[in-house]
Amino acid sequence: YTAASTSDLSLVRFIRAELTRGYFLEHNEAKYTERRERVYTCLRIPKELEKLMIFGFFLCLDAFLYVFTLLPLRVLLALIRLLTLPCCSGTRILQPAQVCDVLKGFILVLCYSMMHYVDYSMMYHMIRGQSVIKLYIIYNMLEVADRLFSSFGQDILDALYWTATEPKERKRAHIGVIPHFLMAVLYVFLHAILIMVQATTLNVAFNSHNKSLLTIMMSNNFVEIKGSVFKKFEKNNLFQMSNSDIKERFTNYVLLLIVCLRNMEQFSWNPDHFWVLFPDVCMVIASEVAVDVVKHAFITKFNDITADVYSEYRASLAFDLVSSRQKNAYTDYSDTVSRRMGFIPLPLALLLIRVVTSSVKIQGSLSLVCVLLFYLGMITLKVLNSIVLLGKSCLYVKEANMEEKLFQKPPSAAPSRTSSRTNRVKYNSSPPEDIATSVTSQPIHNGDHSTSVLPNSESDQFLTTPDETEEKDLSQDGMELTHRAPKKDLLEIDRFTICGNRID
């Protein structure tokens, strides 16, 4: 009896141990499989992130080249139309797109003339005389100020464009075009000065003997990891931060170009000096890429976000590009990039023009021929870049099954919000792939029907897709207010906000 009881008890213990072992094996299998997927996700992040960054870089480059290539031609043709107006009967003076182009041209000309009163050499020696710690603090303050300027500057430009193109039959509810124009000129000038101080500080870091300042400024990028990876991020917040990183990387490339131009000028364009700067330039670019990869890898790991989300971000940017090329587009492409990424090309282009004109001396007919060939080369690059981007964007939109959204009509304004929806404008521009078409053809602005077809937006945005809002519906039986859940569509994130890229 004792032997039988002992054997039964051993059998029970064996069965219990096997069942427990099987449960833990099954439980641990799921847990460790999830951890393995996280490792694979982290390994995929660099590839997917760099695909997004490269695509976004060329988007910014396309909007940046537009200022140097097609904008002067559009302004020239608009002025010719304005001067030959008596020869034209029964036509509008200037179409809305032409008015915005002329305003951009006047802003650039006025700000460029004001930039001549800023002495770059004196600014360089003033910054160079400061201590390393003080320069580090100044550089951090400049980065914060640049983000604040970018977030508010597009609103100033949008207010100017809408005020200048607003239908005349509407009741005047603004301070006038001239005050808005002066505010826009002041903003572009101050932002250009801010970027100039930023480039000068970077130039001082490159020319320091022990490179200590450059090392400290590069280490500042790794501080960004601390301020980002341990915070909770949703997909929308990560999208905003990704757009901000694209804009920041493109701006840094332009700053490095300005630093190289200034240094090459000081050494009489000696090519040997470029190879002295080249290792430092590569080190700055490598640190920027490494910080972005590490930051996004840990953010996706801690917030359980897959690497496929970057394909969605890329498709959203591609959708903006494709939709802005349509005939019934509500925004110019450069404004779409400015609104989506917080990248405003006017101040950066103004600074680059100022540096190039002061560094390169044009003398003789041969120099003029070289400038003309360089300009034609830039136009060719702009057109080719636009064609390739449009083809890739159509491919990305098709892969994301977003074609039907391209043909959806924008929602009309609610009756109770008609008064708040009147501050929108239908600003169309032709695609830049065809130079003759983009410069000469302008869409007709129908002021009578602009109210009914304008996009619906809750905030004071300009020419954009609807924002995510909580709309209220009044039920017929109970007369109770019911709230709709806010939409989380990536296409509705079309402003540069700091919540996705917090300043620490």
Side-chain angles (χ1 to χ4, degrees), residues 56 60 63-64 67 104 107 111 114-115 118 123 127 134-162 179-202 217 220-221 223-228 231 233 236-255 258 288 291-292 295 334-352 459-464 467 493-504:
C60 293
F64 191 63
V67 180
K104 290 179 183 179
I107 289 173
C111 292
M114 295 167 62
M115 289 287 289
V118 180
M123 182 184 298
I127 294 177
K134 187 181 294 186
L135 288 178
Y136 173 73
I137 297 174
I138 291 175
Y139 193 79
N140 287 337
M141 293 173 60
L142 292 175
E143 284 189 346
V144 175
D146 180 63
R147 296 176 184 177
L148 296 178
F149 267 79
S150 299
S151 63
F152 187 63
Q154 189 62 37
D155 293 336
I156 296 177
L157 297 176
D158 290 344
L160 171 64
Y161 301 153
W162 169 239
H180 280 286
F181 179 76
L182 295 178
M183 285 192 297
V185 170
L186 181 62
Y187 155 71
V188 174
F189 176 72
L190 293 180
H191 200 176
I193 294 296
L194 177 69
I195 301 175
M196 177 181 283
V197 177
Q198 216 171 352
T200 307
T201 307
L202 187 62
M217 291 170 61
N220 185 46
N221 293 331
V223 178
E224 186 180 353
I225 299 178
K226 175 185 176 183
S228 301
K231 295 180 181 179
F233 277 86
N236 295 342
N237 301 117
L238 184 59
F239 184 42
Q240 293 173 349
M241 191 183 70
S242 301
N243 292 330
S244 179
D245 290 339
I246 294 173
K247 174 252 179 183
E248 182 180 359
R249 185 177 293 190
F250 182 83
T251 304
N252 288 337
Y253 290 163
V254 177
L255 291 180
I258 293 174
E288 190 76 25
V291 166
D292 289 340
K295 180 176 64 176
S334 59
D335 294 324
T336 303
V337 175
S338 302
R339 205 161 289 105
R340 178 72 75 175
M341 299 183 184
F343 173 67
I344 305 176
L346 290 182
L348 198 60
L350 175 64
L351 177 59
L352 186 59
S459 62
D460 57 342
Q461 299 183 16
F462 173 75
L463 316 171
T464 177
D467 290 332
I493 307 173
D494 50 4
R495 286 187 63 94
F496 173 78
T497 56
I498 308 179
C499 60
N501 189 10
R502 297 174 176 84
I503 302 174
D504 296 314

Those residues that, when tested against Y253, pass ring-ring contact (aromatic ring centres under 6.0 Å, His included) (two or more places apart): F57
How close do G342 and S150 get, heavy atom to heavy atom, and via which atoms? O-CB, 3.5 Å
So do the side chains of F181 and I107 get within less than 4.5 Å of each other, counting heavy atoms only? yes
Apply the test side chain to side chain contact (heavy atoms under 4.5 Å, CB included) to residues E288 and N252: give CA-CA distance (whole Å), side-chain angles for both, the deciding distance (0.1 Å), then the verdict. CA-CA 9 Å; E288 190 76 25; N252 288 337; 3.4 Å; yes
Sub-4.5 Å side-chain heavy-atom contact between W162 and H180: no
So CG of L348 and CG of L352: to nearest 0.5 Å the spacing works out to 7.0 Å
Separation between CG of L142 and CZ of F149, rounded to the nearest 0.5 Å: 10.5 Å
What heavy-atom pair brings R249 and D292 nearest, and what distance separates the two atoms? NH2-OD2, 2.8 Å
Does some side-chain heavy atom of C60 sit less than 4.5 Å from a side-chain heavy atom of M341? yes
Heavy-atom side-chain contact between L351 and M115 under 4.5 Å: yes
Spacing of CD1 belonging to I156 relative to CG belonging to L182, to within rounding of 0.5 Å: 12.0 Å
Taking only distance into account, with no hydrogens and no angle test, what donor-acceptor pairs under 3.5 Å do side-chain atoms of residues 184-202 form with protein atoms, sequence neighbours excluded?
unit_1: Y187; atom_1: OH; unit_2: H191; atom_2: ND1; d: 3.0
unit_1: H191; atom_1: NE2; unit_2: D146; atom_2: OD1; d: 2.8
unit_1: T200; atom_1: OG1; unit_2: M196; atom_2: O; d: 2.7
unit_1: T201; atom_1: OG1; unit_2: V197; atom_2: O; d: 2.8

Any chance you could measure F233, atom CZ, to S242, atom OG, to the nearest 0.5 Å? 9.5 Å
Using a 4.5 Å cut-off on heavy atoms from C-beta on, say whether the side chain of F152 contacts that of L148. no
Under the side chain to side chain contact (heavy atoms under 4.5 Å, CB included) rule, collect the residues that match up with M141, sequence neighbours excluded. I137
I want to check something: taking the side chain as every heavy atom from C-beta on, are M123 and I127 in contact at a cut-off of under 4.5 Å? yes
Any side-chain heavy-atom pair from F343 and I246 closer than 4.5 angstrom? no
Would M241 and N237 count as a side chain to side chain contact (heavy atoms under 4.5 Å, CB included) here? Give the steps. CA-CA 6 Å; M241 191 183 70; N237 301 117; over 6 Å; no
